[in-house]
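What follows is a short report on a single structure.
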Amino acid sequence: SFLYKLVLNSKNGVPVAENFRLEQSTIPDTVQEGQVRVRTLYLSVDPYMRCRMNEDTGSDYLLPWQLSEVADGGGIGVVEESKNNNFAKGDYVTSFNWPWQTVAILDGSLLQKLVPQLVNGCLSYFLGAAGITGLTALLGIREKGHVTVGANQTMVVSGAAGACGSLAGQIGRLEGCSRVVGIAGTDEKCSILVSEMGFDAAINYKKENVAEQLRKLCPGGVDVYFDNVGGDISDTVISQMNQNSHIILCGQISQYNKDVPYPPPLPPDTEKIQKERNITRERFLVLNYMDKQEASVLQLCQWIQEGKLKVRETVIKGLANIGAAFQSMMSGGNIGKQIVSVSK
């Protein structure tokens, strides 16, 4: 039988749709012992994937995509045939390393079964709010944020309208922060953060003076900083952080096209502030906390069911459009999580 797959066509500085090409291929008719044949339903498009287009990803847990090979990432599908005792036909399954193709034969040991009822039937949420994105926000805040209920803490989130940032602000509030301020790049994003996501305020860094606005909106200084971007914005936030405060180092999107170590070093003046005020800034890798994955996903699902965690998704239809979705996300075009729905 035939399938379509998306392979890496080229690697270059800033991602463009032409980095990928669609190819037709065939799939073996027989499923081996331990394997399942799955039909792809949803694929996740995420900023970290930019690192996989480099010759070296700069990390020990991510392998670079290879030219002319099928790309992969977070995915969800339905089992069409199973020779694995853990899965039956019709089961919904997910994997971190789902190939970008319409149909695949996968080793059952790489898959996890999904329960659609946990997310009110919105299966794609398992790639975002109830998946690795939500886990990154929740575990980042719990492991590195040191949020204490009743301690009157202020949290600032950069890249606040992105998949992770929009959840992090809400989770900061649910975990006990009394004030949450987001930083984003358009008026529309800022207004959605406040009206839909429950942020107290949001700053448009392209139009407003971030330092001035932070002084006004966080009069008691900043206690927790959920950092999705790095660069100048982070230097500005750090300069207004309190003694013994905490940076949750989630991503450094401003640095992804550059060849710098991770976490990227701070400029000398900012580093001086960090040391003098004893501000923690440690690398955070959600994969190091997988023993807490199950309980954390259940917590996220509960908040989603109760309506306490608002989810924004941009769903793009068709495998052929992943490249364009990736380009749009890396240029900051969308709010929330980017998902590609794959039909036959």
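Bear in mind that the values here come from a model prediction, so they are computed numbers and not experimental data. As a basis for the values below, the full set of heavy atoms in this structure was taken, side chains included, without hydrogen atoms, waters or symmetry mates.
The pair Glu212-Lys216 does not count as a salt bridge, with every side-chain nitrogen at least 4.0 angstrom from each carboxylate oxygen.
Expressed to the nearest 0.5 Å, how far CD1 of Ile273 lies from CE of Met241 amounts to 11.0 Å. From Asn9, atom CG reaches atom CG of Leu22 across 11.0 Å, with rounding to the nearest 0.5 Å. Note that CG of Asp107 is 7.5 Å distant from CG of Asn84, once rounded to the nearest 0.5 Å. In this structure, Glu80 CD and Arg37 CZ are separated by 5.0 Å, a value rounded to the nearest 0.5 Å. The distance from the OG atom of Ser191 to the NZ atom of Lys189 is 12.5 Å, given to the nearest 0.5 Å. One finds the CD atom of Gln213 at 12.5 Å from the OG1 atom of Thr236 (value rounded to the nearest 0.5 Å).
In this structure, the side chains of Lys337 and Tyr125 stay at 4.5 Å or more apart for every pair of heavy atoms.
Screening Val157, Ile247, Ile183 for a side chain to side chain contact (heavy atoms under 4.5 Å, CB included) with Val237, the sole residue that qualifies is Ile183.
Between Phe284 and Tyr289, the ring center distance clears the sub-6.0 Å criterion.
The aromatic rings of Trp100 and Phe20 are tilted relative to each other, their planes meeting at an angle between 30° and 60°.
Counting only distance, with no hydrogens or angles, the side chain of Asp223 and the backbone of Asn242 share no donor-acceptor pair below 3.5 Å.
Side-chain contact of Gln101 with Ser25: a donor-acceptor pair under 3.5 Å is absent, judged by distance alone. Using modelled atom types, one finds a donor on one side chain and an acceptor on the other under 3.5 Å when comparing Ser158 with Tyr225.
Enclosure of atom OH in Tyr92 is not indicated, since only 12 or fewer non-hydrogen atoms of other residues, nucleotides or ligands lie within 6.0 angstrom.
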